[in-house]
Amino acid sequence: MKDVAELVRLRGVMYHGMGVDDSNDEWKVVTARRLTSELPRATIVGGVVERRFEPGLCGAGLLRLDEVLGSPRFPRGLVAHVGSVAVDLEWRRRGIGESILRFLIDEARALGVERLELHATPDGEGIYRRLGFEDRGGGVELRMNL
């Protein structure tokens, strides 16, 4: 629970890297509340790397577990979404992001997750593909904002 503020901050780093305006603080309050609620219940699992010589995190990622209806390809219906993967600029290119992803993948396997999903930025796509993530396929991905 001590890392919630840092997890929110690093989510802002991710948004900044995507060119998304994160100046609306409402998302930060809601995210902190949700992390505070879900991390202890393990419906969200965090992978973090602490800074070496100062307090705080230099990188983090989250794994959100979701139980959906079973299907022929995923009979148990346990899926997870990898998100909020971010590393502070001064700590990049040191394998931190990949280490976080490997940890989250291992956690997903240990929990019996059948499918991992994520949305990749161009900066992270190479790491994701190298670790085995593939295009989703199977249809057109659509969404509707309400």
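The figures here come from the full heavy-atom set of this structure, side chains too, leaving out hydrogens, waters and symmetry mates.
- Here the straight-line distance linking atom CG of Asp123 with atom CD of Glu125 works out to 10.5 Å at 0.5 Å rounding.
- For the pair Glu117 and Arg115, the salt-bridge criterion is met [side-chain N within less than 4.0 Å of a carboxylate O].
- By the 6.0 Å contact criterion, CZ on Arg41 is enclosed, its count of non-hydrogen atoms from other residues, nucleotides or ligands being greater than 12.
- With Glu6 contributing its side chain and Leu57 its backbone, the two residues share a donor-acceptor pair below 3.5 Å.
- Considering every non-hydrogen atom in both Arg52 and Trp91, the closest pair reads N-CH2, 4.1 Å.
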Let's go through Leu104 and Leu116 carefully: what are the C-alpha distance in whole Å and the side-chain angles of both, what is the deciding distance for side chain to side chain contact (heavy atoms under 4.5 Å, CB included) to 0.1 Å, and is it a yes or a no? CA-CA 10 Å; Leu104 295 175; Leu116 278 178; over 6 Å; no
Ile105 and Phe133: side chain to side chain contact (heavy atoms under 4.5 Å, CB included), yes or no, with the steps? CA-CA 11 Å; Ile105 292 166; Phe133 286 88; 4.0 Å; yes
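- Glu38 is linked by a side chain to side chain donor-acceptor pair (under 3.5 Å) to Arg34, Thr43, counting only residues two or more places apart in sequence or in another chain.
- Taking 4.0 Å as the cut-off between side-chain N and carboxylate O, Arg51 and Glu90 count as a salt-bridged pair.
- Under a hydrophobic-cluster definition in which Ile, Leu, Val, Met, Phe, Trp and Tyr are linked whenever side-chain heavy atoms come within less than 4.5 Å, directly or via other members, Met14 and Val85 are assigned to different clusters.
- Heavy atoms only, all atoms of each residue included: Leu118 and Val82 are closest at CB-O, 3.5 Å.
- In this structure the side chain of Leu131 reaches within 4.5 angstrom of the side chain of Arg102, judged on heavy atoms.
- Asn24 pairs by the side chain to side chain donor-acceptor pair (under 3.5 Å) definition with nothing, not counting sequence neighbours.
- Interatomic distance, CG of Leu101 versus CZ of Phe103, reported as 11.5 Å (0.5 Å rounding).
- Ion pairing of Glu98 with Arg92 is absent here, as no side-chain N (NZ or NE/NH1/NH2) approaches a carboxylate O to less than 4.0 Å.
- Side chain of Glu107 to main chain of Leu63: no donor-acceptor pair is present (N/O by atom type, distance under 3.5 Å, no hydrogens or angles).
- Sorted pairs that involve residues 54-72 and meet salt bridge (Lys or Arg N to Asp or Glu O under 4.0 Å), not counting sequence neighbours, are lacking altogether.
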Apply side chain to side chain contact (heavy atoms under 4.5 Å, CB included) to residues His81 and His119 and explain how you reach the verdict. CA-CA 9 Å; His81 181 85; His119 295 281; 3.6 Å; yes
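- The existence of a salt bridge linking Arg9 and Asp22 is excluded, since no basic side-chain nitrogen approaches an acidic carboxylate oxygen closer than 4.0 Å.
- Of the residues listed (Leu39, Thr31, Ile44), the one engaging Leu7 in a side-chain contact (heavy atoms from CB on, under 4.5 Å) is Leu39, and it is the only one.
- The shortest distance between side-chain heavy atoms of Cys58 and Arg94 does not fall below 4.5 Å.
- For the pair Arg33 and Val4, the minimum side-chain heavy-atom distance is 4.5 Å or more.
- Glu134 places no side-chain N or O within donor-acceptor distance of the main-chain N or O of Arg129, the cut-off being under 3.5 Å.
- Taking the side chain as every heavy atom from C-beta outward, Leu62 and Val45 never approach each other to under 4.5 Å.
- Note on Val113: it clusters hydrophobically with Ile100, by side-chain heavy-atom contacts below 4.5 Å among ILVMFWY residues.
- Between atom OG of residue Ser23 and atom OH of residue Tyr15 there is a gap of 13.0 Å, rounded to the nearest 0.5 Å.
- Under the 4.5 Å side-chain contact rule for hydrophobic residues, Met18 and Val13 share a cluster.
- Using a 4.5 Å cut-off between side-chain heavy atoms of Ile, Leu, Val, Met, Phe, Trp and Tyr, with links allowed through other members, Tyr128 and Ile96 fall into the same hydrophobic cluster.
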